[in-house]
Student: 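Sharing a structure, written as structure tokens. Questions coming.
Counting convention: from 1, in listed order, for ligands and their atoms alike.
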Amino acid sequence: MRQRRTIPRLIGSLLLVATAGVGCGEATADSRYAGTGTDGKAAAAAEPEVRPLGRIVPVPASVTPEGEPYTLTRATRIGVDSASRESKALGRYLAGLLRPATGFPLPVVDEAGARGGIRLRLSPGDTALGDEGYRLRSGPGGVTLTAREPAGLFRGVQTLRQQLPSAVERNSVQAGPWKIAGGTITDTPRYAYRGAMLDVARHFFTVDEVKRYIDQLALYKINTLHLHLSDDQGWRIAVDSWPRLTTYGGSTEVGGGPGGFYTKEEYREIVRYAASRYQEVIPEIDLPGHTNAALASYAELNCDGVAPPLYTGIKVGFSSLCVPKPVTYDFVDDVIREIAALTPGRYLHIGGDEAHSTSHADYVTFMDKVQPLVAKYGKKVVGWHQLTGTKPAEGALVQYWGLDRTPAAEKERVAAAARNGTGLVLSPADRSYLDMKYTKDTPLGLAWAGYVEVRRSYDWDPATYLPGAPADSVRGVEAPLWTETLATMDDLDVMAFPRLPGIAELGWSPASTHDWETYKVRLAEQAPRFEAMGIDYYRSPQVPWPGE
Ligand code: TNX
């Protein structure tokens, strides 16, 4: 995989020196990374021929093993409801997943012609399955996936995929056999919001790179992709009415690289691709701080009328839009209008974090003016939890990114907003931030929230996490991946894996299944799959990886 620069690694190690001792996680000296060249064969050999039903991530809500397995063969057909466009697309998607490694033709046919095969069945009357639930029945006579909605079939396809040997993820024909354990899985998500955030502002990532991340998220049933599209170091989304935001404001990134931005058509392509994986994209334009790229692009947005230079460092909290100036709100109106028009999803994220250069009074004034603009263009607000220092708009979600040591008063302010009806998305920095170092020896990442080893990242309960917040105010969880120190896909992989699947499991699986001892075994069993998919991952000593 492409290696872009070495500068961020250097920044990472400088920060490591600067922050050593801050961490609160378990630091171990013998942590190692699996390179892309890691020999997957030993690990793959450790896989049983039939993966026990339900031994997947996230663990399903209900699993009843029964009878003999199903065996996928050269004769297998995939049956869909040919009257449904989405059902046919799902059939093609499943066939596309299974063909390269099996080498089987796997024709997608109408259900009636798929006896003995894999059937994808939409059953609108199956209300208990909800918006994303599914049932999988497997036995020698076939596999049937049933869901009320196409999204449920898509989640079920991920289960089916994980029940097959990991070699199914490879791009060339593998030996097989391709068996799926017999029995029934009935599965619905614990939370409606299961998110991942990618910061494409600190380092730019191309459309193809974002698509690759979307595919990784899909495997773990993530349904929300939050894109951090603007920050001090770069503006990454075309806005026709303010073109210099991208032509100038998008022209660099941390470390001084070339940056980049998405044209509207490219952005639509990301949104379409995410939708094909049943993920809703939430675009974030971070306001009023984190705006140096915009301030550098347009002098009139600055209170003193002077544009600052572009910024390629990694400090936060030094920039602010000019709250008293009317042009600020023309700018924000234009940006929100154009981005809302690119967004089929329900939400726009307006940031609101670390506005250290904005006075509290100005911050409140700003948010009071800007939140209605989001509603004006038909969207709901998402904001980082600092938004609870103002009056969150009706229907807003706030994203909590505090840590264990966050002052109780700040936690209580967020909890009070939650008691008042504001929905919470939990992204505690010392649990779910994928850019935090695992240990003091992790070459990449930051450590301001401490070290976050795999167990720490998994071992918490979203429902009881924030004292005083009602359990039903918690809409779900999100794993943010900030990219100050991450410049390549390999960098993203090794920070996201294997923590991302743990956050995904917190979002999907029932609380009753939460158990580190069994989770770590299922996680370890994902290793050959990571390897087959070309995912670089951190071989945490906390996890009993195969072959060790
Ligand atoms: C905090 S948490 C930030 C980001 C940084 C991140 C690095 C939050 C809403 N803001 O600006 O990139 O830490 O870990």
Student: Could you check atom 1 (C) of ligand 1 against the protein and tell me its nearest heavy-atom contact, residue, atom and distance included?
Tutor: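 Minimum-distance protein heavy atom for atom 1 (C) of ligand 1 reads Glu354 OE2, 3.3 Å.
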
Student: Does Lys264 come within less than 4.0 Å of Asp240, counting only side-chain N to carboxylate O?
Tutor: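 Salt bridge: yes.
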
Student: What atoms of ligand 1 come within less than 4.0 Å of a heavy atom belonging to Met436?
Tutor: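 Counting from 1, the qualifying ligand atoms are 14 (O).
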
Student: To check your reading of the model: name the closest protein heavy atom to atom 9 (C) of ligand 1, its residue, and the distance in Å.
Tutor: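 Its nearest protein heavy-atom neighbour is Asp353 OD2, 3.0 Å.
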
Student: Do the charged groups of Arg202 and Asp435 touch, with an N to O distance under 4.0 Å?
Tutor: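 Salt bridge absent between Arg202 and Asp435.
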
Student: Determine whether Arg212 and Glu209 satisfy the following criterion, salt bridge (Lys or Arg N to Asp or Glu O under 4.0 Å), listing intermediate values before the conclusion.
Tutor: CA-CA 5 Å; Arg212 180 175 180 268; Glu209 290 172 329; over 6 Å; no

Student: Mark the output for Gln399 as yes if a heavy-atom distance to ligand 1 is under 4.0 Å, and as no if none is.
Tutor: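 Heavy atoms of Gln399 never come under 4.0 Å of ligand 1.
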
Student: Would you say ligand 1 has an N or O under 3.5 Å from any N or O of Asp435?
Tutor: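 Asp435 vs ligand 1: N/O contact under 3.5 Å present.
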
Student: Check the pair Tyr220 / Gln526 against side-chain hydrogen bond (donor to acceptor under 3.5 Å, both in side chains), numbers first and verdict last.
Tutor: CA-CA 11 Å; Tyr220 297 101; Gln526 295 289 307; 2.6 Å; yes

Student: Counting heavy atoms only, name the option from Gln386, Lys315, Arg202 that's nearest to atom 11 (O) of ligand 1.
Tutor: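 It is Arg202 whose heavy atom sits nearest to atom 11 (O) of ligand 1.
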
Student: Consider every N or O of Glu484 and every N or O of ligand 1, then say whether any pair is closer than 3.5 Å.
Tutor: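 N/O-N/O distance under 3.5 Å: yes.
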
Student: Can you tell me how the ring of Phe204 sits relative to the ring of Tyr262, calling it parallel under 30°, perpendicular over 60° and tilted otherwise?
Tutor: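 Because their plane-to-plane angle lies in the 30° to 60° range, the rings of Phe204 and Tyr262 count as tilted.
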
Student: Can you sort out which atoms of ligand 1 are near His290, meaning under 4.0 Å from one of its heavy atoms?
Tutor: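 Checking each atom against His290, I get 11 (O).
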
Student: State plainly whether the residues Glu269 and Arg272 are in salt-bridge range, i.e. N to O under 4.0 Å.
Tutor: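 Salt bridge between Glu269 and Arg272, a charged N being under 4.0 Å from a carboxylate O: yes.
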
Student: Is Trp482 close to ligand 1, meaning an N/O of one under 3.5 Å from an N/O of the other?
Tutor: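 No, Trp482 has no N/O under 3.5 Å of an N/O on ligand 1.
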
Student: Considering only NZ, NE, NH1 and NH2 on the basic side and carboxylate oxygens on the acidic side, decide whether Asp334 and Arg337 come within less than 4.0 Å.
Tutor: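 Between Arg337 and Asp334 there is a salt bridge, with a charged N closer than 4.0 Å to a carboxylate O.
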
Student: Would you mind listing every salt bridge (Lys or Arg N to Asp or Glu O under 4.0 Å) that reaches into residues 298-316, with sequence neighbours excluded?
Tutor: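 Listed once each, the pairs would be none.
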
Student: Can you list the ligand 1 atoms lying under 4.0 Å from a non-hydrogen atom of Leu446?
Tutor: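 Those of ligand 1 that fall under 4.0 Å from Leu446 are 7 (C), 14 (O).
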
Student: Considering non-hydrogen atoms of the protein only, which is the closest contact for atom 2 (S) of ligand 1, and what is the distance?
Tutor: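 Nearest neighbour among protein heavy atoms for atom 2 (S) of ligand 1, to 0.1 Å: Tyr433 OH, 2.5 Å.
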
